[in-house]
Number of protein chains: 2
Amino acid sequence: MGTRREISELPPEADLARADSLAREIFSDVANKWAFLIIEFLGQGMMRFSELQREIGGISHKMLAQNLRMLEQNGLVERTVHATVPPRVDYALTEAGQALRAVVDGMCGWTQRYLGHIEESRRRFASRERP
Amino acid sequence: MGTRREISELPPEADLARADSLAREIFSDVANKWAFLIIEFLGQGMMRFSELQREIGGISHKMLAQNLRMLEQNGLVERTVHATVPPRVDYALTEAGQALRAVVDGMCGWTQRYLGHIEESRRRFASRERP
DNA sequence: CGGAATCCAACATGATACTG
DNA sequence: CAGTATCATGTTGGATTCCG
């Protein structure tokens, strides 16, 4: 065997260590705050565009549309258009989306649990600056 | 009770729905690809700056330094300086960092599992463009 | 070696306005 | 209502350079 190759005998595509892998590309797409927030809130169930925008405070129309399209392309979100007037468009998580939602839920829980810890850590860090 | 308030009876600080909450601020910091990759690779154990940079393909010196500092401020990463020459600096996950690592691991696993699914979804999406 | 600062190009984002 | 395009602006990120 080689010197220290325990980690990956993965196909190059799936290897996160490689900057040009598909896995990295997916990480770059999905591991961002807007995508996570959309997935988290969509986890509550099917929602309309405007509902989502109301739920996720501070997200702009543009960012919501853009990230929804990205998630749709990657097959995490399904878009359903109702031929009514005014138009009604529903968004829901696919199976892949729901699987990722479990991860995002984990991060939400982590955030709650370590909120105080992080706050304190920041304070300590700030106060020992310019010693 | 109100009309539809199942979700959060959380303190405002912990409410991800609010753009100005501390939870959101943490999400914005941590939910990005570089932070996730650093946490994932640091999960293998204590590592030096240059080792990390070698492991994480495509990360620049600047991004690594910047994100390490951010993670240190938030108390996810601990930095140890050895008074040798040349200087040696080790990075390791704290308890909070290891807890988040479980989440990131979940995302890595998710990526592997749905890689093909996502690839196919992208192809379908692309090929039904300009119909 | 690790870190910080600078410069600058590229990109992300928000506001606005327009379409179906 | 949902979606897109455009534009102005701020932020990100890479390359480079210098410090300890």
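Reckoned from all heavy atoms, side chains included, excluding hydrogens, waters and symmetry mates. In what follows, every chain begins at residue 1, and chains take the letters A, B, ... in the order their sequences are listed.
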Taking CD in Gln98(A) as the centre, count heavy atoms belonging to other residues, nucleotides or ligands within less than 6.0 Å. Is the count above 12?
yes
In this structure, are over 12 heavy atoms from other groups packed under 6.0 Å from Gln112(B) atom CD? yes
Check whether [X] reaches the backbone of [Y] with its side chain - one donor and one acceptor, N or O, closer than 3.5 Å.
X: Ser121(B); Y: Gln73(A); value: yes
X: Gln53(A); Y: Leu64(A); value: no
X: Arg48(B); Y: Asp90(B); value: no

What are the two closest non-hydrogen atoms of [X] and [Y], and how far apart are they?
X: Ile39(A); Y: Gly97(A); value: CG2-O, 4.1 Å
X: Asn32(A); Y: Asp29(A); value: ND2-O, 2.8 Å
X: Gly75(A); Y: Ala96(A); value: O-CB, 3.9 Å
X: Asp15(A); Y: Leu10(A); value: CA-CD1, 4.2 Å

Please list residues of residues 59-69 of chain A whose heavy atoms come under 4.0 Å from any atom in DNA chain C, ordered by number; otherwise none.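 Those residues whose heavy atoms fall under 4.0 Å from DNA chain C, taken from residues 59-69 of chain A in numerical order, are Ser60(A), Lys62(A), Met63(A).
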Whole Å only: how far is the [atom1] atom of [X] from the [atom2] atom of [N]?
X: Leu37(B); N: dG13(D); atom1: CG; atom2: P; answer: 12 Å
X: His82(B); N: dG20(D); atom1: NE2; atom2: C1'; answer: 17 Å
X: Met70(A); N: dT4(D); atom1: CE; atom2: C1'; answer: 18 Å

- Message: What range of DNA chain C does chain A touch, first nucleotide to last, counting atoms under 4.0 Å from its heavy atoms?
- Response: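 Here the contact window of chain A covers dT13(C) to dG20(C).
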*asked:* Less than 4.5 Å apart, side chain to side chain, heavy atoms only: is that true for Met47(B) and Tyr91(B)?
replied: no
Q. With side chains defined as the heavy atoms from C-beta onward, is the minimum distance between Phe36(A) and Met107(B) less than 4.5 Å?
A.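 Of all side-chain heavy-atom pairs linking Met107(B) with Phe36(A), at least one is under 4.5 Å.
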Rounded to 10°, the angle between the first-five-pair and last-five-pair axes of the helix from dC1(C)-dG20(D) to dG20(C)-dC1(D) is 40°
The answer to which of Phe49(A) and Trp34(B) contacts DNA chain D further toward the 5' end, by nearest nucleotide, is Phe49(A)
Classify Arg48(A) by what it touches in the nucleic acid, base, sugar-phosphate, or nothing, heavy-atom distance under 4.0 Å.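 It contacts sugar-phosphate atoms only.
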